[in-house]
Amino acid sequence: MKKLLFLLLSVVTCSVNATVFYVNPNSPNASDSNWGDTPNNPWATLNVANWAENDTIMVSNAVYTITQKGIINKKVTVIGESKAGVIFQGEDDMAFNFGSTTCRFFLISSNAEATFKNITLKNLLYDWKNGEESATSSYGGVFEISENSILNLKNVDIRKAKIYGNGGNAWGAAIMNRGTVNADSCLFESCYATQGGAMYMLGGSTANLTYCKLLGNGNPEVVDYDTYRFGGAINMNGGTTLNIDNCYFEGNFTEKTGTGGAFMIRYDADKICNLNVRNTTFNANMSGYAGSVLCCGANTTATTSTELNINFTNCVFYKNVGNKTLLQYNNTISIPTKSSYVGKGKFIFVNNTLFANYNPGQSNTRSIGLGDINMEYYFINNLMNDNEAADKTAQTGVYGIVLEGSYNVAPTNIKTMVAQGNIFNSTGGAFGAINFTDLDITLHPETKNSTGQRLIRTQLQTALKQSANGTSYLDFTSTNDSISVALNNGVNEYLLNGVNLVPQTDILGNPITDQTRDAGAWEMSEINTAAHLPTSEKTFIYPNPFMNRLNFSANVEKVEIYSIDGQKIMQQTKPGISIVTSDLNSGLYMVRVTKNGITQIQKVLKK
């Protein structure tokens, strides 16, 4: 009896302790009948049914075809040898392109936790009519996350996942999330579903995405499934929380009458929904109807307890197009109107840059559509320049912020409207004159807001770049772009409940320069020139402040001095190591110096 008890205890101990298993179908000894606990005797397949608590599965480079949905009901970690080499697929490329249906890949059961690293998952095509289950809905393609479960993804690509379902219930081709998802340095590309191409979030779920790319995900129009389309990349349903940091969204879409090219929030009665987006670029996302980046609409009727909390900070919006199909008002961001929303919440929009977000097919478009509802609005340090095309052509009828209602008529439901340090190309509706005199004392005075000024651009660069910290971004900060009305237009601080809403670094992590935050997502002094040069190669300009002479730490080929509004004041070639500045008036200037073909810019102040 003692021996039997000892044996049982040993089995329990082994199941609790972490065990490493190996998968390598290319090994001559590969077999699922092996223990699999040494590289020399690996499993031939993933062998999901044999995964136990705290197991780590080391997967060698190979192509693994998923023929049956794997049920994960333990805490496990799956680590690929390399992302390019470890491929989990439903079909090979040829079969997938011909429309061969597959099973769904993984279900994470309640209270389980699964971690996947260094893996590519692709070529999933699931149609409930031909699927492995009799359900009339398709929930989750690559991963379906149950309540109270966790999915961790690190350096994982999910590509070409498509799910079709009846009545619009094909949700989350890459991920159907009822629990918690943490994704770091992942790619979601060409994932299609009627709701939430890459991810569908159901009430109570949370997702945290950092350094991820979401490319070309969407809600396409599909024969036999011509129904609702919400959230080309991500659909948030009910009381969910989504945190995005240092990510890149490009080409995500929703077709026909679909809404929310990148995000859709479908708020529910008595639920709180939170969307927090920081240091992220949105490029060429599209909606068939409203909200090329974000649209908010009802899943169930809002009550006074419904709450929407939305925060965009240090983000870039470029060439996003709304209402592509209906050609009505274009919205980059669409907030509910007072006719459809009786809830509350906050819309925080700080240090964002918007450029060329308009619909060329119509003459009356808007960047952000606001509702006269019981929300708090905070607009701080934004640079909105949507009425200028890439070739500098001015676009008529393009408005930055439009508040529903009549022009220059104060709203009746908004309790707080803060507008500080912004540059708006133009505004519309009740926001036309930024006139909210009838609001209560919570209204904060506007500071340094301006309209009608255009950002000076002579070297617009739109190629995707990669920053040192891994952020993907579109570079609008060439050396000439640094001569801009955005310089020092922002404020450094706005406290909300004791928290400063103004970020102290820009989208690339550069700190505030010249003591004042620029409007927009970038601090534009030396960002793409001297800031990334070794100190030995930099040309230093001093003193700062200066009076009658500016000095350079090395001989320069050319020096140009601009006023803060972009007018060239002075230019000299081969000036040596100094230049006389006694003719300049007191004030702030941009000094551009060229040495060895490298241009640097610095803001300087003359006393």
Separation between [atom1] of [X] and [atom2] of [Y], rounded to the nearest 0.5 Å:
X: Asn309; Y: Phe347; atom1: CG; atom2: CZ; value: 12.0 Å
X: Asn279; Y: Thr210; atom1: CG; atom2: OG1; value: 11.5 Å
X: Ile380; Y: Gln420; atom1: CD1; atom2: CD; value: 6.0 Å
X: Leu308; Y: Lys344; atom1: CG; atom2: NZ; value: 11.5 Å
X: Met264; Y: Ile234; atom1: CE; atom2: CD1; value: 14.0 Å
X: Cys315; Y: Ile507; atom1: SG; atom2: CD1; value: 6.5 Å

Partners of [X] by ring pair (Phe, Tyr, Trp, His ring centres under 6.0 Å), sequence neighbours excluded?
X: Tyr200; answer: Trp171
X: Phe263; answer: Phe249, Phe282
X: Phe253; answer: Tyr192

Which residues pass the side chain to side chain contact (heavy atoms under 4.5 Å, CB included) test with [X], not counting sequence neighbours?
X: Ala269; answer: Thr300, Thr303
X: Asn299; answer: Asn237, Arg266, Asp268
X: Thr240; answer: Met201, Ser205, Met236, Cys273
X: Asn500; answer: Glu493, Leu495, Val502, Gln504

Looking at [X] and [Y], what are the two nearest heavy atoms and their distance?
X: Ala170; Y: Ile163; value: CB-O, 3.5 Å
X: Lys319; Y: Asn357; value: N-OD1, 3.2 Å
X: Thr280; Y: Asn246; value: OG1-N, 3.6 Å
X: Ala519; Y: Gly421; value: CB-O, 3.9 Å
X: Ile512; Y: Pro503; value: CD1-O, 4.4 Å
X: Ala193; Y: Pro220; value: O-CD, 4.4 Å

If the condition is side chain to side chain donor-acceptor pair (under 3.5 Å), which residues does [X] pass it with, not counting sequence neighbours?
X: Thr241; value: Asn274
X: Asn351; value: Asn381
X: Thr259; value: none
X: Asn208; value: Asn182, Asn243

Identify the residue among Ile348, Leu275, Val350, Ile244 that makes a side chain to side chain contact (heavy atoms under 4.5 Å, CB included) with Phe312.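 Output: one option passes, namely Leu275.
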Before you tell me yes or no, could you show the steps for Trp522 and Thr353 under side chain to side chain contact (heavy atoms under 4.5 Å, CB included), namely the whole-Å CA-CA distance, both residues' side-chain angles and the distance that decides it to 0.1 Å? CA-CA 8 Å; Trp522 292 285; Thr353 293; 3.9 Å; yes
Go through Phe379 and Met417 one step at a time and tell me if the side chain to side chain contact (heavy atoms under 4.5 Å, CB included) criterion holds. CA-CA 8 Å; Phe379 291 93; Met417 173 65 73; 4.0 Å; yes
Is the shortest side-chain heavy-atom distance between [X] and [Y] below 4.5 Å?
X: Val181; Y: Phe143; value: no
X: Tyr267; Y: Pro336; value: yes
X: Ser292; Y: Thr332; value: yes
X: Leu209; Y: Leu214; value: yes
X: Asn385; Y: Ile423; value: no
X: Ile175; Y: Leu153; value: yes

Report task. Mind checking salt bridge (Lys or Arg N to Asp or Glu O under 4.0 Å) for Asp184 and listing every partner two or more places apart, or none if nothing turns up? Result ->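 Only Lys154 meet the salt bridge (Lys or Arg N to Asp or Glu O under 4.0 Å) criterion with Asp184.
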Distance only, no hydrogens: is a donor on one side chain within 3.5 Å (strictly under) of an acceptor on the other, for [X] and [Y]?
X: Tyr228; Y: Asn219; result: no
X: Asn413; Y: Asn374; result: no
X: Asn311; Y: Asn276; result: no

Practice problem: Give the intermediate values and the outcome of side chain to side chain contact (heavy atoms under 4.5 Å, CB included) for residues Val342 and Thr306. | Solution: CA-CA 8 Å; Val342 295; Thr306 308; over 6 Å; no
Practice prompt. Using modelled atom types only, decide if a donor and an acceptor are shared between the side chain of Glu221 and the backbone of Glu255 within a distance under 3.5 Å.
Written response: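 Not a single qualifying donor-acceptor pair exists.
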What's the verdict on side chain to side chain contact (heavy atoms under 4.5 Å, CB included) for Phe349 and Ile310, showing C-alpha distance, side-chain angles and the deciding distance?
-> CA-CA 8 Å; Phe349 204 71; Ile310 301 166; over 6 Å; no
